[in-house]
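Treat the numbers as computed from the prediction; the structure is a model and nothing was measured. FYI, side chains are in, hydrogens and waters are out, and symmetry mates aren't considered; it's all heavy atoms of this structure.
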Amino acid sequence: MTGAAKRVVLEVLGWVLLLAGIAAMVLPGPGLLLIAGGLAVLSQQYTWAERLLEPVLLRALRAAAEGVETWPRIVMSTLGGLVLGGLGVLWIVGPDVPSWWPVADKWWLFGGPWTGVTLLVSCVIALVLIVYSYRRFHGNPDAVAALEGKIDEADEEAHDQRERMRHRREREEEDR
């Protein structure tokens, strides 16, 4: 593959992952994980993506840590993942439209079996992330504190960078 073709493929992949992550923030799926993946790919070509990658990863880890803080959260997260898996199986099996279905038949399990496959993949990712988060953060206040420290450092660095950019713009305007 030529350099230009590789660049195009990586750019398309990065944008697709980024957009899928944004969609997954409101739809079932690992939104922050997809956004981080998209930013990781795009960061190879864009400095703005490189700057955003670490804060997004740190916030994804914070969400993971918060998701396993208490047993009710662990149970609800696990049930949510399993519901996604159950819906995926339902979509793949594709039962006939029930008589109680109130809208047009074409809206029953729209998207077909591939929707089911993506729901099953989301289920597996969710369950793996719950196990990872549990092992890393549950009952480990030092790991959570270290993560919060990294988030504070990243926020401070981002603030400093914004200030430097603001001062640079002001100097450029004065020079004009």
CD1 of I125 to CD1 of I130, rounded to nearest 0.5 Å, is 12.0 Å
Should R7 and E11 count as side-chain neighbours, where that means a heavy-atom distance under 4.5 Å? yes
All ring pair (Phe, Tyr, Trp, His ring centres under 6.0 Å) counterparts of F137, not counting sequence neighbours: none
Go through the structure and list residues passing ring pair (Phe, Tyr, Trp, His ring centres under 6.0 Å) with W71, not counting sequence neighbours. Y134, H138
Single-linkage hydrophobic cluster, 4.5 Å side-chain cutoff, L90 and V103 together: yes
Is the closest side-chain heavy-atom distance between T78 and I74 below 4.5 Å? yes
The reported gap from CG in L39 to CG in L34 (rounded to nearest 0.5 angstrom) is 11.0 Å
Kindly compute the distance separating NE2 (H167) from CZ (R162), expressed to the nearest 0.5 Å. 12.5 Å
How far does OG1 of T118 sit from CH2 of W91, to the nearest 0.5 angstrom? 9.5 Å
Nearest heavy-atom pair of V68 and S133: which atoms, and what distance? CG2-O, 3.5 Å
Please assess E174 against R171 for the test salt bridge (charged side-chain N to carboxylate O under 4.0 Å, His left out), listing each intermediate value before the final yes or no. CA-CA 5 Å; E174 290 173 359; R171 282 193 309 269; over 6 Å; no
Where the side chain of W15 meets the backbone of L42, is there a donor-acceptor pair that is under 3.5 Å apart? no
Of L10, V16, V9, the one forming a side-chain contact (heavy atoms from CB on, under 4.5 Å) with V12 is V16
Are V144 and E69 close enough that some pair of their side-chain heavy atoms sits under 4.5 Å apart? no
Atom pair CG/CG of D160 and D155 - distance to nearest 0.5 Å: 11.0 Å
Any donor-acceptor pair under 3.5 Å linking the side chain of W101 with the backbone of A104? yes
State, yes or no, whether a side-chain contact exists between L87 and T115 at a heavy-atom distance under 4.5 Å. no
Minimum heavy-atom distance between L53 and A36, given as atom pair plus value: CD1-O, 3.4 Å
E66 atom CD, over 12 foreign heavy atoms within 6.0 Å: yes
Does the W108 side chain pair with the main chain of P98, one donor and one acceptor, at a distance under 3.5 Å? no
Salt bridge present between K150 and E153 (N-O < 4.0 angstrom): no
Cluster check L127, L79: I/L/V/M/F/W/Y, side chain < 4.5 angstrom: no
How about S77 and L129: do any of their side-chain heavy atoms sit closer than 4.5 Å? no
Is there a chain of hydrophobic side chains (I, L, V, M, F, W, Y, each step under 4.5 Å between heavy atoms) that links L109 to V83? yes
Do other residues, nucleotides or ligands put more than 12 heavy atoms under 6.0 Å from D96 CG? no
Value rounded to 0.5 Å, distance of CH2 in W114 from CD1 in I92: 9.0 Å
Correct closest heavy-atom pair for C123 and G81 would be SG-O, 3.2 Å
Restricting to ring pair (Phe, Tyr, Trp, His ring centres under 6.0 Å), what partner residues turn up for Y46, sequence neighbours left out? W48
Check whether more than 12 heavy atoms from other residues, nucleotides or ligands sit under 6.0 Å from atom NE2 of H159, and answer yes or no. no
Please check if W107 and V97 belong to a single hydrophobic cluster, counting links between Ile, Leu, Val, Met, Phe, Trp and Tyr side chain heavy atoms closer than 4.5 Å. yes
Transitively linked via ILVMFWY side-chain contacts under 4.5 Å: L52 with L57? yes
State whether the number of non-hydrogen atoms from other residues, nucleotides or ligands found under 6.0 Å of E170 atom CD is greater than 12. yes
Count the heavy atoms belonging to other residues, nucleotides or ligands that lie under 6.0 Å from CZ of R73, then report whether that count exceeds 12. yes
Which heavy atom of V56 sits nearest a heavy atom of I35, and at what distance? CG1-CG2, 3.9 Å
